[in-house]
Amino acid sequence: MKTKQHILLIGATGMFFLASCKGPEQKGAMVPPATKVNVTAATTGQAIYYDKYPASVVALNQVELRAQVSGYITGIFFKEGEVVQKGKALYEIDRRKYEAAVRQAEANLASAKATLVRAQKDADRYHELAKQDAIARQTLDNADATLETSRASVAAAEAALLSARTDLDYSVIKAPFTGRIGISQVKMGAQISQGSTLLNTMSSENPIAVDFVVSETDIPRFSAMQGKTITPGDSTFRLTLPGGMAYSEKGRILAVDRGVDNQTATIKVRIEFANPKDELKDGMSAVLQVLNEQSGENVIIPYRAVVEQMGEFFVFVATDSLTAEQRKIHLGPKLRDRVVITDGVKAGEVVVTDGFQRLRDGGKIDTSGVAQQPQQAPGQAPKK
């Protein structure tokens with residue numbers, strides 16, 4: 001038994017002696033070696049970029065043409081799809097009964113006026129006799145009442161004549177403004193009903209509007225743009241047409257809607273564009289690009305330096321002591337192979353672009369023999 005205890009004691013003493021014999025060089029071998037990485041310096045430059053919104057083209061003036069009197073179509077005076085001037089006659093409804101109604105109303109007015117003249121003369125005569133106390137008071141009162149009734153009859157006849165003339169005017173449907181008229185919904189000889197039959201639709205074209213919706217948090221941004229004049233080089237709003245073609249005309253904010261949609265927390269904004277070549281059509285879909293208010297001088301780094309973790313973005317920054325400091329950053333738009341950094345990295349700081357997969361926050365890095373990669377001029381962001 002004592003022999004076994006002596007063996008265990010000798011073994012423990014030997015392990016302690018071996019551990020105590022390790023020199024400083026052997027202890028340093030336990031530290032992980034520095035990770036070789038590629039680095040580059042964050043730079044600043046002009047980064048012009050746009051926010052894009054789905055949009056739709058809408059006419060500033062649009063109206064459905066419906067008749068205000070009933071009857072049969074007896075005339076169509078336009079070519080479908082053409083631009084018609086304000087006041088141009090477009091449709092005619094059978095006018096004969098409306099012309100007859102006007103003549104009858106004119107005759108009724110003439111009769112009422114003649115009756116008024118007679119009643120006026122009777123009243124004047126009875127007033128003269130009353131001064132001489134030659135007639136009864138009741139006769140004078142009756143003459144005055146008849147005069148007032150005649151005056152009311154004239155007023156009623158004048159109103160009836162105005163109504164008849166209005167109906168006659170309504171028998172010709174005219175363009176309420178200058179714009180393009182669509183395909184007719186009725187043909188010659190068709191019977192139409194007052195107020196219910198759709199004849200056609202017309203809309204204005206130049207200028208024209210583009211509607212899109214923005215978040216309620218963007219209301220101050222777009223409200224501040226209202227009232228600004230368009231300069232020749234203005235690029236605040238850019239419109240991309242279906243097929244990817246860029247629209248050449250400049251736009252300006254015409255209106256921000258009166259209220260927020262409480263279901264979507266969005267608000268409608270309307271942009272006005274000139275449309276001299278009739279390229280924009282009512283109902284057309286488009287993409288509106290709005291100059292981002294953070295465009296200008298920004299910090300830019302290669303996109304490959306960015307690490308995403310759980311929806312957040314990080315980079316490793318090389319410190320003066322050759323360690324990697326992990327930082328949370330906020331990204332701006334991507335500019336091809338680079339990206340704008342809105343927060344987290346300053347210009348001139350060195351970020352790790354390659355080799356960070358094995359890095360940890362505070363880990364040693366080795367940049368020896370690896371030159372800092374030059375940063376290209378940022379230039380302008382591509383259109384989204």
Side-chain angles (χ1 to χ4, degrees), residues 48-66 81-88 90 174-182 198 200-296 332-333 381 383-384:
I48 308 301
Y49 53 96
Y50 290 78
D51 302 321
K52 63 180 182 179
Y53 301 88
S56 58
V57 180
V58 294
L60 291 175
N61 287 314
Q62 179 172 309
V63 64
E64 292 182 342
L65 300 176
R66 300 178 187 271
E82 72 174 353
V83 175
V84 296
Q85 299 299 313
K86 180 180 180 180
K88 175 181 171 59
L90 304 175
K174 299 178 181 179
F177 53 81
T178 299
R180 191 173 298 275
I181 194 165
L198 176 63
N200 211 320
T201 302
M202 64 176 295
S203 58
S204 61
E205 294 184 325
N206 188 23
I208 203 164
V210 171
D211 286 356
F212 65 105
V213 295
V214 300
S215 170
E216 60 184 352
T217 58
D218 287 330
I219 293 176
R221 173 188 176 189
F222 287 94
S223 295
M225 296 181 188
Q226 284 187 278
K228 291 186 177 179
T229 57
I230 303 176
T231 59
D234 187 274
S235 59
T236 303
F237 301 104
R238 292 180 175 179
L239 193 64
T240 303
L241 304 181
M245 183 178 68
Y247 187 61
S248 59
E249 298 294 332
K250 309 301 180 184
R252 67 179 184 90
I253 288 188
L254 185 63
V256 177
D257 207 355
R258 59 162 192 85
V260 175
D261 187 328
N262 57 12
Q263 300 294 323
T264 61
T266 58
I267 192 168
K268 182 184 292 185
V269 180
R270 175 164 291 180
I271 310 296
E272 182 183 83
F273 286 91
N275 190 30
K277 299 179 182 178
D278 192 29
E279 295 177 81
L280 301 182
K281 298 288 188 182
D282 179 51
M284 178 185 289
S285 61
V287 175
L288 183 70
Q289 299 182 75
V290 183
L291 184 66
N292 191 288
E293 56 189 356
Q294 294 181 340
S295 291
K383 295 180 181 179
K384 296 183 180 180

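Predicted, not measured: the structure shown is a model, and the values here were computed from it.
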Q: Please lay out, stage by stage, how R180 and D282 fare under the test salt bridge (charged side-chain N to carboxylate O under 4.0 Å, His left out).
A: CA-CA 11 Å; R180 191 173 298 275; D282 179 51; over 6 Å; no

Q: Mind checking salt bridge (Lys or Arg N to Asp or Glu O under 4.0 Å) for D261 and listing every partner two or more places apart, or none if nothing turns up?
A: none

**Q.** Closest non-hydrogen atom pair between P276 and Y247, with its separation
**A.** CD-OH, 4.3 Å

Q. Would E249 and N275 satisfy side-chain contact (heavy atoms from CB on, under 4.5 Å), going step by step from the backbone distance to the final call?
A. CA-CA 8 Å; E249 298 294 332; N275 190 30; over 6 Å; no

**Q.** For R270, salt bridge (Lys or Arg N to Asp or Glu O under 4.0 Å) partners two or more places apart
**A.** D211

Q.
Just to verify, which of F237, F222, Y53 counts as forming a side chain to side chain contact (heavy atoms under 4.5 Å, CB included) with I271?
A. F237

Q.
To check you understand the geometry: which heavy-atom pair defines the closest contact between L254 and Q226, and what is its length?
A. O-NE2, 4.1 Å

Q: Heavy atoms only: give me the nearest A59-S204 pair and the separation to one decimal.
A: CB-O, 3.5 Å

**Q.** Audit row: I181, L65, side-chain contact (heavy atoms from CB on, under 4.5 Å) steps and yes/no
**A.** CA-CA 10 Å; I181 194 165; L65 300 176; 4.1 Å; yes

Q.
Between D257 (side chain only) and I267 (backbone N and O only), is there a donor and an acceptor less than 3.5 Å apart?
A. no

**Q.** Test side-chain contact (heavy atoms from CB on, under 4.5 Å) applied to T240 and Q289, step by step
**A.** CA-CA 8 Å; T240 303; Q289 299 182 75; 3.1 Å; yes

Q. Taking it one step at a time, do N262 and V260 satisfy side-chain contact (heavy atoms from CB on, under 4.5 Å)?
A. CA-CA 6 Å; N262 57 12; V260 175; over 6 Å; no

(Q) Is it true that T266 and E216 share a donor-acceptor pair across their side chains at a distance under 3.5 Å? (A) no

Q | Residue pair V63 / T201, side-chain heavy-atom distance below 4.5 Å | A | no

Q | Main-chain N/O of G182 paired to N200 side chain as donor or acceptor, under 3.5 Å | A | yes

